[in-house]
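Since the structure comes first, as structure tokens, the remarks are kept for the end.
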Amino acid sequence: MLDARLIRSNPEAVSEALAKRNSQISLDDFLALDQERRAIIQEVEQLKNKRNNVSQEIARLKRDKKDAADLIAEMGKVSAVIKELDDKVRDVDKKLREILLTLPNIPHESVPAGTCDADNREIRRWGQPAEFSFTPKAHWDIGEELDILDFSTAAKVTGSRFTFYKGLGARLERALFNFMLDLHVQKHGYTEIFPPFMVHRHSMEGTGQLPKFEEDAFRVAGTEYFLIPTAEVPVTNMFREEIINEDMLPMKYCAYSACFRAEAGSAGRDTRGLIRQHQFNKVELVKFSKPEHSYEELETLVQDAEDVLKELGLPYRVSLLCTGDLGFSSAKTYDLEVWMPSYQKYVEISSCSNFEDFQARRADIRFREGVKGKPQFVHTLNGSGVAVGRTVAAILENYQQEDGSVVIPEKLRPYMGGAERIAR
RNA sequence: GGAGAGAUGUCCGAGUGGUUUAUGGAGCUGGUCUUGAAAACCAGUGACACCGAAAGGUGCCGGGGGUUCGAAUCCCUCUCUCUCCGCCA
């Protein structure tokens with residue numbers, strides 16, 4: 001959520017910034033409502049002041065056993081007007097908030113201008129894509145041939161875009177998120193969280209999934225609960241409506257969770273394999289930072305996510321998203337893309353963003369500077385550390401052997417009961 | 001799911017319609033005393049949001065709505081917490 005004061009004082013700059021991210025939004029309605037709101041408030045507060053004073057006067061008269069009928073009658077009218085104006089303010093406030101909730105974040109100045117992913121800027125690469133002496137297979141074929149991934153049974157039991165993992169496949173999935181959690185907790189100093197997998201509407205609003213993207217989420221019928229699309233939602237909202245002590249910052253959390261996404265509008269895209277599922281596992285990194293340090297925190301967050309891929313020996317690149325490709329809530333995002341031999345390209349496996357105070361303002365997450373300082377909004381950041389299903393896909397494809405077996409990355413073997421290879 | 005109790009400022013905790021526009025304590029800040037600290041004593045300090053150029057004003061006692069000239073206090077409703085019962089991993 002953007003600061004209403006910023007829009008009020010600098011509307012041209014705001015609409016310019018929003019235009020850069022393909023968001024042609026007029027702020028005229030907002031500005032008109034904002035002005036109306038302040039006019040009504042001034043009027044109604046004067047009346048309330050009068051009412052408060054006269055009520056004291058009535059109390060005094062009653063104590064002295066004097067007649068107050070005239071004043072009471074007069075205040076009856078004043079109160080009726082106050083009620084009317086209060087209703088108006090409430091109505092205008094609601095409209096203003098609705099507008100604010102649909103405005104995306106303003107991109108950071110270091111974000112390149114652009115309209116789509118072709119305009120994203122590659123920052124660095126790590127690792128060499130493996131040369132195969134044979135034609136590498138896609139992970140869904142590898143997985144089915146090894147009998148560790150079963151898509152058709154999942155389709156029978158649940159539907160498309162779900163998967164059964166079996167045997168060492170299931171073990172690999174579990175090994176990966178345990179490995180990732182240990183890495184972030186022990187090496188990178190994050191505090192581990194195991195969050196609820198459902199949240200209420202306000203939390204979804206707090207991190208920016210709602211109200212605009214409701215069709216992307218799964219809602220539990222008959223309830224107000226949503227299945228979380230990422231652990232970012234429950235973990236960031238842990239501190240909703242809180243004022244954090246300055247000396248607690250920065251705070252770093254990592255959380256495993258299953259993630260649920262309706263993938264509305266993705267029909268026909270990545271229909272095979274593990275890349276685009278309605279349910280997948282992910283280890284998420286979440287940071288709360290003081291504003292002046294949030295961009296340093298973003299860089300280390302990206303490095304922490306990269307470390308997962310380095311330890312697993314998976315070639316990847318880091319790209320900086322352009323203004324047009326930026327997520328709704330984000331001010332700046334780096335994507336980590338892992339090399340996927342069957343695609344012959346890099347595929348997104350992590351997305352690391354600084355939301356600045358956009359989420360904090362929606363969820364009301366603040367901190368206090370010093371003992372007497374005024375509370376101000378924190379900056380929130382998060383990134384996948386990393387998506388587990390896509391990591392399985394990447395391992396199967398990058399570590400596949402000519403005989404159809406898959407070598408297990410060394411760092412993962414302790415988590416796999418010492419197994420070195422998955423074979424038929 | 002049933003029955004009951006509760007939610008007040010950073011914390012504890014008073015307060016059932018008008019000198020409460022929130023009592024008292026703890027805490028916090030400063031001071032006295034002390035070699036220093038603690039204790040004691042004295043003084044100060046009350047969240048947060050909004051409107052306003054400012055002076056100042058308005059709102060806020062879990063959330064929302066209502067009654068009233070006036071609500072922390074009365075009514076309705078929702079959420080959460082606790083106790084007991086039932087059910088359950």
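Predicted model only: the values in this text are computed from it and were never measured. Every chain is numbered from 1 and lettered A, B, ... according to where its sequence line falls, protein lines coming before strand lines. Hydrogens, waters and symmetry mates play no part in the numbers below; they use all other heavy atoms, side chains included.
- The aromatic rings of A:H200 and A:H202 sit perpendicular, their planes meeting at an angle over 60°, well past the 30° parallel limit.
- Comparing B:C69, B:U58, B:C51 by their nearest atom to the side chain of A:K62 picks out B:C69.
- If you check B:C48, B:U21, B:G18 against the side chain of A:Q56, the one that comes closest is B:U21.
- Of the candidate nucleotides B:U58, B:C48, B:C69, B:C69 has the atom lying nearest to any side-chain atom of A:M75.
- The side chain of A:K83 lies closest to B:U67 when the candidates are B:G18, B:U67, B:G66.
- Comparing atom distances between the A:R366 side chain and each of B:C50, B:C48, B:G59 picks out B:C48 as nearest.
- Counting only heavy atoms from C-beta on, A:R90 has its side chain closest to B:G65 among B:C51, B:C48, B:G65.
- Each of B:U58, B:C50, B:G66 was ranked by its minimum atom distance to the side chain of A:R37; first place goes to B:C50.
- Each of A:I243 and A:N53 was matched to the nucleotide of RNA chain B holding its nearest heavy atom; the match closer to the 5' end belongs to A:I243.
- In this model, no side-chain donor or acceptor of A:Q42 finds a partner on the base of B:G52 within 3.5 Å.
- Pairing of B:A43, defined by two Watson-Crick or G-U wobble distances under 3.5 Å, is identified with B:U29.
- Side-chain contact between A:L412 and A:I395: present, with at least one pair of heavy atoms (C-beta onward) separated by less than 4.5 Å.
- If you check B:G70, B:C51, B:G18 against the side chain of A:R38, the one that comes closest is B:C51.
- Not one N or O on the side chain of A:S330 forms a donor-acceptor pair closer than 3.5 Å with the backbone of A:G327.
- When the nucleotides B:C50, B:C48, B:C69 are ranked by their closest atom to the side chain of A:I41, B:C50 comes out on top.
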